[in-house]
Asks: 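Structure in structure tokens, see below.
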Amino acid sequence: MKSITIKGSERESVGKVATKALRNAGAVPCVIYGGNQPVHFSADERAFKTLVYTPNAHTVVIELGDKSFNAILQDIQVHPVSDRILHIDFFQLFEDKEITMEVPVKVTGVSPGVLLGGVLRLNTRRLKVKALPKNLPDFVEAEISELEMGNKLYVTKLVSDKYKLLHPDNTVVAQVRISRAAMKAAQEAAKAAKAPVKGKKK
């Protein structure tokens, strides 16, 4: 999985006054959980743009002076009106411990059902995976080359030996639905087939 580096500074004071001062200065207060004890730090709000405002999944290298932490974004608080980032929680990664996170679904291939006029619907845009940090995928590939009209692609078709998908077996990832145009054409064809054939006059 691709990684983003964020440089910040450890926070000595974590009270409301100090937090408000950080935000007024354009910084975001953050916490790293998962280690022996939480690590409080702050970083410039602009440093999080490539991490937060993207559909892609990333791990994060957080550099705090001479200390470095590998982590993933766990939770984010955003102002309801201004959309400014108010607070971010990270979870520290360890090479020998599995981690759970959501990654996007990437559709590949061409569906025969779509070529015949069907409409591809992506029911699940992100999937929750569990894996060691080195095996976390950038995305889960959904191959649709075998989807005929009306077919569904279940999560059981996306298994991998590098990670586990934490979803019920009946979870539908994608499906090809019959479009209105295709349905109308089928109905018209059915009517034409039922219509009586006019015989020639003698």
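Here, residue 1 is the first one in the sequence, and each next residue gets the next number.
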Asks: Could you tell me which non-hydrogen atom of Gly35 sits nearest to which non-hydrogen atom of Phe94, and how far apart they are?
Replies: CA-CZ, 4.2 Å
Asks: So for atom CZ, which belongs to Arg177, do other residues, nucleotides or ligands contribute more than 12 heavy atoms lying within a distance under 6.0 Å?
Replies: no
Asks: Please name the pair of heavy atoms, one in Ile62 and one in Ala71, separated by the smallest distance, quoted to 0.1 Å.
Replies: CD1-CB, 4.2 Å
Asks: Heavy-atom distance under 4.5 Å between the side chains of Asn123 and Arg121, does that happen here?
Replies: yes
Asks: Within a strict 4.5 Å, meaning less than it, do heavy atoms of the Met1 and Val103 side chains meet?
Replies: yes
Asks: How far does NZ of Lys164 sit from OG1 of Thr100, to the nearest 0.5 angstrom?
Replies: 9.0 Å
Asks: Contact between Val155 and Val140 at the side-chain level, heavy atoms closer than 4.5 Å - yes or no?
Replies: no
Asks: Taking the side chain as C-beta and beyond, is there a heavy-atom pair between Val110 and Leu115 under 4.5 Å?
Replies: yes
Asks: Are any of the side-chain heavy atoms of Lys134 and Glu95 separated by less than 4.5 Å?
Replies: no
Asks: Do Phe41 and Phe90 have side chains that get closer than 4.5 Å, going by heavy atoms?
Replies: yes
Asks: Would you say Ile88 and Leu93 are hydrophobically clustered, going by side-chain heavy atoms of ILVMFWY under 4.5 Å?
Replies: no
Asks: Is it possible for you to say whether Phe139 and Met101 belong to one hydrophobic cluster, with membership spreading through side-chain heavy-atom contacts below 4.5 Å?
Replies: no
Asks: Go through the steps to decide whether Lys106 and Asp138 satisfy the test side chain to side chain contact (heavy atoms under 4.5 Å, CB included), and finish with yes or no.
Replies: CA-CA 9 Å; Lys106 182 180 180 181; Asp138 290 312; over 6 Å; no
Asks: Provide the closest heavy-atom pair for Ile178 versus Met149 in the form atom of the first, atom of the second, distance.
Replies: CG1-CG, 3.4 Å
Asks: Could you give the distance from CG (Leu22) to CG (Asp44), rounded to the nearest 0.5 Å?
Replies: 11.0 Å
Asks: Run the side chain to side chain contact (heavy atoms under 4.5 Å, CB included) check on Glu45 and Val28 step by step: do they pass?
Replies: CA-CA 6 Å; Glu45 186 175 3; Val28 178; 3.9 Å; yes
Asks: Give a yes or no on whether a salt bridge exists between Lys157 and Glu146, defined as a side-chain N under 4.0 angstrom from a carboxylate O.
Replies: no
Asks: Output yes when a side-chain donor or acceptor of His79 lies under 3.5 Å from a complementary backbone atom of Leu86, and no otherwise.
Replies: no
Asks: What are the two closest non-hydrogen atoms of Ile6 and Ala47, and how far apart are they?
Replies: CG1-O, 3.9 Å
Asks: With a 4.5 Å heavy-atom cut-off, do Val173 and His167 have their side chains touching?
Replies: no
Asks: Walk me through whether Phe69 and Val61 qualify under side chain to side chain contact (heavy atoms under 4.5 Å, CB included).
Replies: CA-CA 6 Å; Phe69 301 86; Val61 177; over 6 Å; no
Asks: According to a 4.5 Å side-chain heavy-atom criterion applied to Ile, Leu, Val, Met, Phe, Trp and Tyr, with indirect links allowed, do Val39 and Leu73 form part of one hydrophobic cluster?
Replies: yes
Asks: Can you check side chain to side chain contact (heavy atoms under 4.5 Å, CB included) on Ile85 and Ile76, steps first, answer last?
Replies: CA-CA 7 Å; Ile85 301 172; Ile76 181 170; 4.0 Å; yes
Asks: Looking only at non-hydrogen atoms, find the nearest pair between Gly8 and Leu64 and report the distance.
Replies: C-CD2, 3.5 Å
Asks: Determine yes or no for a side-chain-to-main-chain donor-acceptor pair under 3.5 angstrom, with Thr156 supplying the side chain and Asn170 the backbone.
Replies: no
Asks: Taking atom CD1 of Ile72 and atom CG of Asp89, what is their separation to the nearest 0.5 Å?
Replies: 11.5 Å
Asks: Find out if a path of hydrophobic residues (ILVMFWY) with successive side-chain heavy-atom gaps under 4.5 Å connects Leu120 to Leu158.
Replies: yes
Asks: What heavy-atom pair brings Leu147 and Val176 nearest, and what distance separates the two atoms?
Replies: CB-CG2, 3.8 Å
Asks: How long is the span from the CG atom in Leu153 to the CD atom in Gln175, to the nearest 0.5 Å?
Replies: 10.5 Å
Asks: Ignoring hydrogens and geometry, is there a side-chain-to-backbone donor-acceptor pair from Thr171 to Pro168 under 3.5 Å?
Replies: yes
Asks: Report the distance from atom CG of Leu136 to atom NZ of Lys2, rounding to the nearest 0.5 Å.
Replies: 14.5 Å
Asks: If we ignore hydrogens and angles and just use 3.5 Å, is the side chain of Arg84 paired with the main-chain N or O of Arg23 as donor and acceptor?
Replies: yes
Asks: Measure the spacing between OG of Ser9 and NE2 of His40 and express it to the nearest 0.5 Å.
Replies: 15.0 Å
Asks: Establish whether Val129 and Val60 are linked, either directly or via other cluster members, by ILVMFWY side-chain heavy-atom contacts under 4.5 Å.
Replies: no
Asks: Should we count CZ of Arg126 as having more than 12 external heavy atoms under 6.0 Å?
Replies: yes
Asks: Pairing donors with acceptors under 3.5 angstrom, does anything connect the side chains of Glu143 and Thr108?
Replies: yes
